[in-house]
Amino acid sequence: MSILAALLATESGLPPDDTRALTVAAAIHDCRRRNDRTDSGHGHRAAAWLRAQGPGILAALDVVLDAPLLDRAAHAVGLHDGDQPDRDPLVGLLRAADALDRYRLPLARWWPDLSRLTVQVPTWMPPLAHRLVVLTEEARLDGATPETALTHAHHTILAEGTGHVG
């Protein structure tokens with residue numbers, strides 16, 4: 001989902017520091033889920049974990065964020081699973097990236113409803129998000145590790161010319 005978040009950030013003109021905060025939020029937004037179904041409060045649990053473990057998480061992701069940016073990332077994570085309005089663009093962009101990530105779910109009726117979002121998603125992003133899932137799943141079925149599968153999908157999308165903005 002961090003790839004989708006980074007693409008949305010670029011498309012929306014988000015500054016580089018904010019983009020790093022958004023990709024951190026995207027990387028950990030669901031890490032405190034208790035199940036893959038409706039899990040009310042998982043965003044707040046993940047946000048608390050990010051605030052408590054921030055330095056270790058940032059080190060593991062090899063990302064540098066100052067304290068205010070880390071707090072904004074945690075704020076976005078805390079609100080990503082709801083519909084509470086918020087002025088911080090990280091919240092809307094994280095919700096959009098999370099929606100685009102729904103193509104990984106097995107039923108089309110669970111796929112994203114972009115009309116519920118507060119940010120504009122470019123028309124090229126839904127097909128790209130779907131393609132990212134397909135490429136990643138194909139690589140996993142061929143025996144790739146999760147990291148290798150994602151790297152393969154990312155490189156394939158870039159090579160196809162579908163992973164660029166606009």
Side-chain angles (χ1 to χ4, degrees), residues 1-54 57-58 60-105 107-133 136 150 153-154 157-158 162-166:
M1 200 180 103
S2 291
I3 292 171
L4 298 171
L7 289 169
L8 284 167
T10 301
E11 180 72 17
S12 70
L14 206 63
D17 288 346
D18 289 3
T19 298
R20 284 195 313 277
L22 178 62
T23 57
V24 167
I28 65 96
H29 76 287
D30 277 348
C31 72
R32 289 297 179 239
R33 274 190 165 278
R34 293 184 179 136
N35 60 63
D36 282 336
R37 298 195 183 274
T38 302
D39 183 6
S40 182
H42 76 272
H44 290 292
R45 290 191 302 273
W49 181 74
L50 178 57
R51 285 185 174 104
Q53 303 297 324
I57 294 166
L58 294 176
L61 295 173
D62 195 25
V63 175
V64 175
L65 294 179
D66 62 20
L69 277 172
L70 180 63
D71 190 60
R72 285 183 60 209
H75 176 75
V77 169
L79 295 181
H80 89 275
D81 60 343
D83 55 8
Q84 177 182 350
D86 195 88
R87 292 176 160 257
D88 191 329
L90 297 185
V91 175
L93 291 169
L94 183 62
R95 286 175 176 161
D98 194 28
L100 289 167
D101 190 48
R102 293 182 64 85
Y103 286 113
R104 67 184 164 68
L105 300 174
L107 298 178
R109 72 172 190 252
W110 296 339
W111 289 1
D113 178 0
L114 301 182
S115 69
R116 299 185 65 196
L117 300 175
T118 59
V119 299
Q120 184 74 20
V121 174
T123 56
W124 55 267
M125 289 243 8
L128 181 138
H130 186 268
R131 180 91 172 114
L132 185 63
V133 170
T136 304
L150 186 55
H154 186 216
I157 283 171
L158 291 174
T162 56
H164 68 280
V165 176

J.: Calculate, to the nearest 0.5 Å, the distance between atoms CE and CG belonging to Met125 and Leu7 respectively.
T.: 5.0 Å
J.: Might you work through the side-chain contact (heavy atoms from CB on, under 4.5 Å) test for Asp86 and His75, ending with a clear yes or no?
T.: CA-CA 10 Å; Asp86 195 88; His75 176 75; 2.8 Å; yes
J.: Determine which pairs satisfy ring-ring contact (aromatic ring centres under 6.0 Å, His included) with at least one residue from residues 11-34, sequence neighbours left out, and list them in order.
T.: His29-His80
J.: At what distance, to the nearest 0.5 angstrom, does CG of Leu93 lie from OG1 of Thr19?
T.: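 Between atom CG of Leu93 and atom OG1 of Thr19 there are 8.5 Å.
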J.: For Asp81, enumerate each residue passing the salt bridge (Lys or Arg N to Asp or Glu O under 4.0 Å) test, keeping only those at least two apart in sequence or located in another chain.
T.: none
J.: So which atom in Val121 and which in Ala96 form the shortest heavy-atom distance, rounded to 0.1 Å?
T.: CG2-CB, 4.1 Å
J.: Please test Asp113 against Arg116 for side-chain contact (heavy atoms from CB on, under 4.5 Å), starting from the C-alpha separation and ending with a verdict.
T.: CA-CA 6 Å; Asp113 178 0; Arg116 299 185 65 196; 3.4 Å; yes
J.: Applying side-chain contact (heavy atoms from CB on, under 4.5 Å), name anything that partners Ala26, two or more places apart in sequence or on another chain.
T.: Met1, Ser2, Ala5, Leu94
J.: Please enumerate all residues that pass salt bridge (Lys or Arg N to Asp or Glu O under 4.0 Å) together with Arg72, with sequence neighbours excluded.
T.: Asp18, Asp88
J.: Applying side-chain contact (heavy atoms from CB on, under 4.5 Å), can you list everything that pairs with Val63, at least two apart in sequence or on another chain?
T.: Arg20, Val24, Leu58, Leu61, Leu65
J.: Could you pull out the closest heavy-atom pair between Thr136 and Ala153, with the gap in Å?
T.: OG1-CB, 3.4 Å
J.: Can you tell me if Arg95 uses its side chain to pair, donor with acceptor, with the backbone of Leu79 under 3.5 Å?
T.: yes
J.: Evaluate the side-chain proximity of Arg131 to Tyr103: yes if any heavy-atom separation is below 4.5 Å, no if none is.
T.: no
J.: Determine whether Leu70 and Ile57 make a side-chain contact, defined as any pair of heavy atoms from C-beta on separated by less than 4.5 Å.
T.: no
J.: Please identify each residue that fulfils salt bridge (Lys or Arg N to Asp or Glu O under 4.0 Å) with Arg104, with sequence neighbours left out.
T.: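 Testing Arg104 for salt bridge (Lys or Arg N to Asp or Glu O under 4.0 Å), a comparison that skips the adjacent residues, returns Asp101.
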J.: Given side chains that start at C-beta, do those of Pro126 and Leu114 come closer than 4.5 Å, heavy atoms only?
T.: yes
J.: When rounded to the nearest 0.5 angstrom, what distance separates CG in Leu100 from CG in Leu132?
T.: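 Between Leu100 CG and Leu132 CG, I get 10.0 Å after rounding to 0.5 Å.
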J.: Backbone N or O of Trp110 within a donor-acceptor pair of the Arg102 side chain at under 3.5 Å?
T.: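 Yes.
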J.: For the residue pair Trp124 and Glu11, establish whether any side-chain heavy-atom pair is separated by less than 4.5 Å.
T.: yes
J.: Can you tell me how far CG of Asp71 sits from CG of Asp66, rounded to the nearest 0.5 angstrom?
T.: 10.5 Å
J.: Heavy atoms only: give me the nearest Ala47-Val77 pair and the separation to one decimal.
T.: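 Smallest interatomic distance, heavy atoms only, reads N-CG1, 3.6 Å.
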J.: When rounded to the nearest 0.5 angstrom, what is the spacing between CD1 in Ile28 and CG in Leu50?
T.: 4.5 Å
J.: How many angstroms lie between CG in Leu90 and CG in Leu14, if you round to the nearest 0.5 Å?
T.: 6.0 Å
